[in-house]
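What follows is a single structure, written as structure tokens, with notes after it.
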Amino acid sequence: RCSSASPTNATTGSAARPGLQARRRLRDTMGVNTLMPRQNADDPRKLRDVLARTQSLATLHDVPSVVVGFAASEGNLLFPEFLAFLESELRVEDQIFRLTRERALLFLSDVGHDQAVSVVERLRASFEREFPSIEPMRVAIRYFEVPPGRSDLSVKQVLPNVFGDQRASD
């Protein structure tokens, strides 16, 4: 309960401004906490940095890395959940980059093309087993291998290879 006395500033003794008062929490009458959803896309200005990191890891470890492109159909409600699942299952050195709600990149370090395909298929099967759905998840998946020592990796080179004329049909 609030007291009838107005709050005062302890330092000056003057009345506190409304913006500085402790905010009262609204009572959650239905027992459901509503959280703001995670932003649907990452900052596109950081994509070059992520590509540079992937390239440097491939060169440093002298093994290839793979960029995996995921494209779902517009309005696919399962795809954001799939990305969240992937993110929770990845190694520390791997990363998901969300381009839009329906498109994302997965950066797998220290793996070749065949191993990347195996990893993605295993993770997709785990997701479908853990979160069964009436219809199978429709997402197109393409791979772009970054060989060790490559020094000219660019966004213009990667994106057309993983998303060029791609339809969510898989």
Note, [X] side chain near [Y] side chain (heavy atom, < 4.5 Å):
X: I96; Y: L105; value: no
X: M137; Y: F82; value: yes
X: V66; Y: V119; value: no
X: Y143; Y: V67; value: no
X: V162; Y: I141; value: no
X: V111; Y: R91; value: yes
X: L78; Y: E135; value: no

_R122 backbone acceptor or donor facing S126 side chain under 3.5 Å_ =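 Pair found, side chain donor or acceptor close to backbone of R122.
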_Between N76 and V139 (side chain of the first, backbone of the second, donor and acceptor by atom type, cut-off under 3.5 Å), is there such a pair?_
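Checking the backbone N and O of V139 against the side chain of N76, no donor-acceptor pair under 3.5 Å is found.
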*asked:* Walk me through whether F127 and E81 qualify under side chain to side chain contact (heavy atoms under 4.5 Å, CB included).
replied: CA-CA 9 Å; F127 175 78; E81 299 301 323; 4.2 Å; yes
*Classify the side-chain pair T100/R103 by whether it contains a donor and acceptor separated by less than 3.5 Å.*
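Looking only at side-chain atoms, R103 and T100 do not form any donor-acceptor pair under 3.5 Å.
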*Check whether more than 12 heavy atoms from other residues, nucleotides or ligands sit under 6.0 Å from atom CD of E89, and answer yes or no.*
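Yes.
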*Give me the ring orientation class for F70 and F79: parallel if the planes are under 30° apart, tilted from 30 to 60°, perpendicular past 60°.*
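Tilted, since the angle between the ring planes falls between 30° and 60°.
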Non-hydrogen atoms of [X] and [Y] that approach each other most closely:
X: P64; Y: G112; result: CG-CA, 3.9 Å
X: A104; Y: F163; result: O-CZ, 3.5 Å
X: F85; Y: E130; result: CE1-OE1, 3.7 Å

*Salt bridge or not for R98 and E87, using N-O below 4.0 Å?*
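A salt bridge links R98 with E87.
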Between [atom1] of [X] and [atom2] of [Y], what distance do you get to the nearest 0.5 Å?
X: L83; Y: L106; atom1: CG; atom2: CG; answer: 9.0 Å
X: Q95; Y: S109; atom1: CD; atom2: OG; answer: 9.0 Å
X: S65; Y: H113; atom1: OG; atom2: NE2; answer: 13.5 Å
X: F144; Y: F107; atom1: CZ; atom2: CZ; answer: 11.0 Å

*How far apart are the C-alpha atoms of V68 and L108, what are their side-chain angles, what is the distance that settles it, and do they pass the side chain to side chain contact (heavy atoms under 4.5 Å, CB included) test?*
CA-CA 8 Å; V68 184; L108 294 173; 4.1 Å; yes
